[in-house]
Participant: 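Structure incoming, see below.
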Amino acid sequence: MIEISREVADALGRRGPVVALETTLVAHGFPPGEGLAVGLDAEGRVREAGATPATVGVLDGAVRIGLSAAELERFTAEARKVGPRDLAACVVQGAVGATTAGGTLAACRVAGIGFMATGGIGGVHRGERLDISADLGELARTEALVVCSGVKSLLNVPATAELLETLGVPVLGFSTDELPLFYTTAGGPPVSARVDSAEEAARVARTHWQLGRHSALVLAQAPPKSLDDVEPLIEQALAEAEERGVAGPAVTPFVLSFLHEASGGRTLKVNRDLVLANAELAAQVAVAYAGEGPA
């Protein structure tokens, strides 16, 4: 049910640095064709920083950890969006499943991968209806450091930060005292601690786990370029989604598509740049962690 590529297995076997990457951004995070290029470029950034990329997805009745370029091409917009609850059904039914951050973390826990990069994590949705991403449950139970640009900005970021605190998940700011708002560098709630180097982040992660804490850590890095006028567009996108009856897992890809079009492509560029920057930082932390020796 779980197939780990030889390259990833070899790296894990020698305790080398490995960084997990999701496939939802490939299938649903960008316009058709763009996601594949971003996924391949993210793997390239991981390699350039000295780590092994382990892109995760469901193919041919198995959770695959480490994908070839040809395999990555199969994650089109028709792929299922697969969170932790969906993995078993997707495997049994032989569907192509693009893993979310939470789905990828679930695979990390089984494979023993301690580092992951993504764009933004899920969380508590805006509005009166209770809607909380399964990413948070996986963050609470998986020993991994997740590099992101904060919580997806279409969500209730303060409420998500509060829930992460309740779950005991540290939120570290990389050279920032505030949680980035995905497209925007400032304005988020305060982080639980600031770190200013990959080495410091690696030491905090190691100490967290040595103290018997079995949760993930979030390492939030501001986007390379801030879009400070995006909030009105997000509100428009959410209103449009509600009017059309878009709900559940379909909301995020709908909003991303709306923002890409409404911003004239500016959000698309920021999204791409932050995904690549986060992949690079995750690799740097993984390399620093591996360089410290066994826990």
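Given the structure is predicted, the values throughout are model-derived calculations rather than measurements.
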Participant: Rounded to the nearest 0.5 Å, what's the gap from CG on L167 to CD on E162? Could you check?
Facilitator: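 The CD atom of E162 is 11.5 Å from CG of L167, to the nearest 0.5 Å.
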Participant: Determine the minimum heavy-atom distance between C148 and I121, stating which atoms define it.
Facilitator: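 That would be SG-CG2, 4.0 Å.
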Participant: Identify the heavy atoms of G57 and L67 that sit nearest to each other, and give their distance.
Facilitator: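 Taking G57 first and L67 second, the nearest heavy atoms are N-CD1, 4.3 Å.
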Participant: Given side chain to side chain contact (heavy atoms under 4.5 Å, CB included), test Q93 with R80 step by step and report yes or no.
Facilitator: CA-CA 11 Å; Q93 294 169 357; R80 289 188 190 180; 2.6 Å; yes
Participant: Can you measure from CD (E261) to CG (L268) and round to the nearest 0.5 angstrom?
Facilitator: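 Those atoms lie 12.0 Å apart.
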Participant: List the atom pairs, donor and acceptor, that lie under 3.5 Å between side-chain atoms in residues 150-158 and the rest of the protein, sequence neighbours left out.
Facilitator:
{"residue": "N156", "atom": "OD1", "partner": "A159", "partner atom": "N", "Å": "3.1"}

Participant: Without swapping roles, check the side chain of S133 against the backbone of D135 for a donor-acceptor pair under 3.5 Å.
Facilitator: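 Present.
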Participant: Find out if a path of hydrophobic residues (ILVMFWY) with successive side-chain heavy-atom gaps under 4.5 Å connects L274 to V19.
Facilitator: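 Different hydrophobic clusters.
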Participant: In chain order, what residues pass the salt bridge (charged side-chain N to carboxylate O under 4.0 Å, His left out) check against E231, with sequence neighbours excluded?
Facilitator: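 Expected list: R126.
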Participant: Residues in side chain to side chain donor-acceptor pair (under 3.5 Å) with N278, at least two apart?
Facilitator: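 Result, side chain to side chain donor-acceptor pair (under 3.5 Å) vs N278: S149, Q221.
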Participant: Rounded to the nearest 0.5 Å, how far apart are CG of L172 and CG of D196?
Facilitator: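 CG of D196 is found 11.0 Å from CG of L172.
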Participant: Check whether E243 reaches the backbone of A239 with its side chain - one donor and one acceptor, N or O, closer than 3.5 Å.
Facilitator: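 No: the side chain of E243 does not pair with the backbone of A239.
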Participant: Is S192 close to E165 at the side-chain level, that is, under 4.5 Å between some pair of heavy atoms?
Facilitator: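 A side-chain contact is absent here, since even the closest heavy-atom pair is not under 4.5 Å.
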Participant: Could you grab the distance from atom OG1 of T160 to atom CG of L179, nearest 0.5 Å is fine?
Facilitator: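 Rounded to the nearest 0.5 Å, the OG1-CG separation comes to 9.0 Å.
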Participant: Would a distance-only check, ignoring hydrogens and angles, find a side-chain to backbone donor-acceptor pair under 3.5 Å from T52 to V18?
Facilitator: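 No: the side chain of T52 does not pair with the backbone of V18.
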Participant: So which heavy atom on P84 is nearest to which on T100, and how close?
Facilitator: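 Residues P84 and T100, closest heavy atoms: CD-OG1, 4.4 Å.
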Participant: Should E235 and L238 be marked as a side chain to side chain contact (heavy atoms under 4.5 Å, CB included) after you check the CA-CA gap, both sets of side-chain angles, and the distance that decides it?
Facilitator: CA-CA 5 Å; E235 293 177 357; L238 290 171; 5.8 Å; no
Participant: Looking at side-chain heavy atoms only, is the closest gap between R74 and L59 below 4.5 Å?
Facilitator: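 They are in contact (side-chain heavy atoms under 4.5 Å apart), so the answer is yes.
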Participant: Judged by modelled atom types alone, do E22 and T118 share a side-chain donor-acceptor pair under 3.5 Å?
Facilitator: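 Yes, because at least one side-chain N or O of E22 sits under 3.5 Å from a partner of the opposite role on T118.
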Participant: Out of curiosity, does L145 fall in the hydrophobic cluster containing F174 (side-chain heavy atoms, cut-off under 4.5 Å, transitive links)?
Facilitator: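 Yes, same cluster.
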Participant: Measuring from I234:CD1 to L227:CG, what's the distance to the nearest 0.5 Å?
Facilitator: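 Those atoms lie 9.5 Å apart.
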Participant: When you compare the side chain of T23 with that of E71, does any pair of heavy atoms fall below 4.5 Å?
Facilitator: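 No, every pair of side-chain atoms sits at 4.5 Å or beyond.
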Participant: Measure the shortest side-chain to side-chain distance between V146 and L217 over non-hydrogen atoms and say whether it is less than 4.5 angstrom.
Facilitator: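 No, their side chains stay 4.5 Å or more apart.
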Participant: Indicate if L72 and M116 have the same hydrophobic cluster label, given that clusters are the connected sets of ILVMFWY residues with side-chain heavy-atom separations under 4.5 angstrom.
Facilitator: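 Yes; M116 is reachable from L72 via cluster members.
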Participant: With a 4.5 Å cut-off on side-chain heavy atoms, are D10 and R6 touching?
Facilitator: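 Yes - at least one pair of side-chain heavy atoms lies under 4.5 Å apart.
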Participant: Does the R266 side chain pair with the main chain of S263, one donor and one acceptor, at a distance under 3.5 Å?
Facilitator: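 Judged by distance alone, yes, a pair lies under 3.5 Å.
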Participant: Tell me whether V82 is reachable from L136 by hopping between hydrophobic residues (I, L, V, M, F, W, Y) whose side-chain heavy atoms are closer than 4.5 Å.
Facilitator: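 Unlinked, L136 and V82 end up in two clusters.
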Participant: I'd like to know whether V58 forms a side chain to side chain contact (heavy atoms under 4.5 Å, CB included) with V96, so could you lay out the CA-CA distance, the side-chain angles of the two residues, the decisive distance to 0.1 Å, and finally the verdict.
Facilitator: CA-CA 6 Å; V58 180; V96 176; over 6 Å; no
Participant: Determine whether the side chains of T99 and T104 contain a donor N or O and an acceptor N or O closer than 3.5 Å.
Facilitator: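 Yes.
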Participant: Can you list everything that forms a salt bridge (charged side-chain N to carboxylate O under 4.0 Å, His left out) with R109? Sequence neighbours excluded, please.
Facilitator: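 With sequence neighbours excluded, R109 shows a salt bridge (charged side-chain N to carboxylate O under 4.0 Å, His left out) to E138, given in chain and number order.
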Participant: Just jot down the ring-ring contact (aromatic ring centres under 6.0 Å, His included) partners of F115, sequence neighbours excluded, or say none.
Facilitator: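 Checked F115 against ring-ring contact (aromatic ring centres under 6.0 Å, His included); matches are Y289.
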Participant: Under the salt bridge (charged side-chain N to carboxylate O under 4.0 Å, His left out) definition, can you give me all pairs with a residue in residues 89-108, not counting sequence neighbours?
Facilitator: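 Qualifying pairs: none.
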Participant: For the atom pair CG (L25) and OG1 (T252), what is the distance rounded to the nearest 0.5 Å?
Facilitator: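 The CG atom of L25 sits 12.5 Å away from the OG1 atom of T252.
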Participant: Nearest heavy-atom pair of A117 and A279: which atoms, and what distance?
Facilitator: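 It is CB-CA, 3.6 Å.
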Participant: Give a yes or no on whether a salt bridge exists between E240 and R244, defined as a side-chain N under 4.0 angstrom from a carboxylate O.
Facilitator: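 Salt bridge: yes.
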Participant: Can you confirm whether more than 12 heavy atoms, excluding those of R194, are under 6.0 Å from its CZ atom?
Facilitator: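 Check passes, neighbour count above 12.
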Participant: Using a strict 4.0 Å threshold on nitrogen-to-oxygen distance, state whether D273 and K269 make a salt bridge.
Facilitator: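 Here D273 pairs with K269 in a salt bridge, since their nearest N and O are under 4.0 Å apart.
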Participant: Where do E78 and T76 land on the side chain to side chain donor-acceptor pair (under 3.5 Å) test, with the steps shown first?
Facilitator: CA-CA 5 Å; E78 287 70 41; T76 64; 2.9 Å; yes
Participant: Between L164 and T166, is there a side-chain heavy-atom distance shorter than 4.5 Å?
Facilitator: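 No - every pair of side-chain heavy atoms lies 4.5 Å or more apart.
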Participant: Tell me the ring-ring contact (aromatic ring centres under 6.0 Å, His included) pairs involving residues 54-87, sequence neighbours left out?
Facilitator: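 The answer is none; no pair qualifies.
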Participant: Using only atom types and a distance under 3.5 Å, with no angle test, would you say the side chain of S5 pairs donor to acceptor with the backbone of V8?
Facilitator: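 Checking the backbone N and O of V8 against the side chain of S5, a donor-acceptor pair under 3.5 Å is found.
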Participant: Please report the closest heavy-atom contact between A107 and V56, naming both atoms and the distance.
Facilitator: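 Closest approach of A107 to V56, heavy atoms only: CB-CG1, 3.8 Å.
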Participant: When you compare the side chain of N271 with that of F182, does any pair of heavy atoms fall below 4.5 Å?
Facilitator: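 They are in side-chain contact.
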Participant: State which residues pass salt bridge (charged side-chain N to carboxylate O under 4.0 Å, His left out) with K225; sequence neighbours excluded, sorted by chain then number.
Facilitator: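 Partners of K225 by the salt bridge (charged side-chain N to carboxylate O under 4.0 Å, His left out) criterion come out as none, since no residue qualifies.
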Participant: Under 4.5 Å between any side-chain heavy atoms of S226 and T184, yes or no?
Facilitator: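 Yes, side chains in contact.
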Participant: With R47, which residues qualify under salt bridge (charged side-chain N to carboxylate O under 4.0 Å, His left out), at least two apart?
Facilitator: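 Result, salt bridge (charged side-chain N to carboxylate O under 4.0 Å, His left out) vs R47: E7.
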Participant: Who pairs with S215 by side chain to side chain donor-acceptor pair (under 3.5 Å), at least two apart in sequence or on another chain?
Facilitator: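 In terms of side chain to side chain donor-acceptor pair (under 3.5 Å), with neighbours along the sequence ignored, S215 is linked to H208.
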Participant: Quick one: do V204 and V191 end up in the same hydrophobic cluster if we chain Ile, Leu, Val, Met, Phe, Trp and Tyr together by side-chain heavy atoms under 4.5 Å apart?
Facilitator: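 V204 does not cluster with V191.
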Participant: Can you list, pair by pair, the side-chain donor-acceptor contacts under 3.5 Å of residues 34-46, counting residues two or more places apart and other chains?
Facilitator:
{"residue": "D41", "atom": "OD2", "partner": "R272", "partner atom": "NH2", "Å": "2.4"}
{"residue": "E43", "atom": "OE2", "partner": "T55", "partner atom": "OG1", "Å": "2.6"}
{"residue": "R45", "atom": "NH1", "partner": "E280", "partner atom": "OE1", "Å": "3.2"}

Participant: Closest heavy-atom contact between A198 and A288?
Facilitator: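 Residues A198 and A288, closest heavy atoms: O-CB, 4.1 Å.
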Participant: Kindly indicate, with the supporting measurements, whether the criterion side chain to side chain contact (heavy atoms under 4.5 Å, CB included) is fulfilled by Y183 and L259.
Facilitator: CA-CA 11 Å; Y183 294 116; L259 292 176; 3.7 Å; yes
Participant: Can you check whether H28's main-chain N or O pairs, donor with acceptor, with T24's side chain at less than 3.5 Å?
Facilitator: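 Judged by distance alone, no pair lies under 3.5 Å.
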Participant: What residues, two or more places apart in sequence or in another chain, satisfy side chain to side chain donor-acceptor pair (under 3.5 Å) together with E3?
Facilitator: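 Partners of E3 under the side chain to side chain donor-acceptor pair (under 3.5 Å) test: R64.
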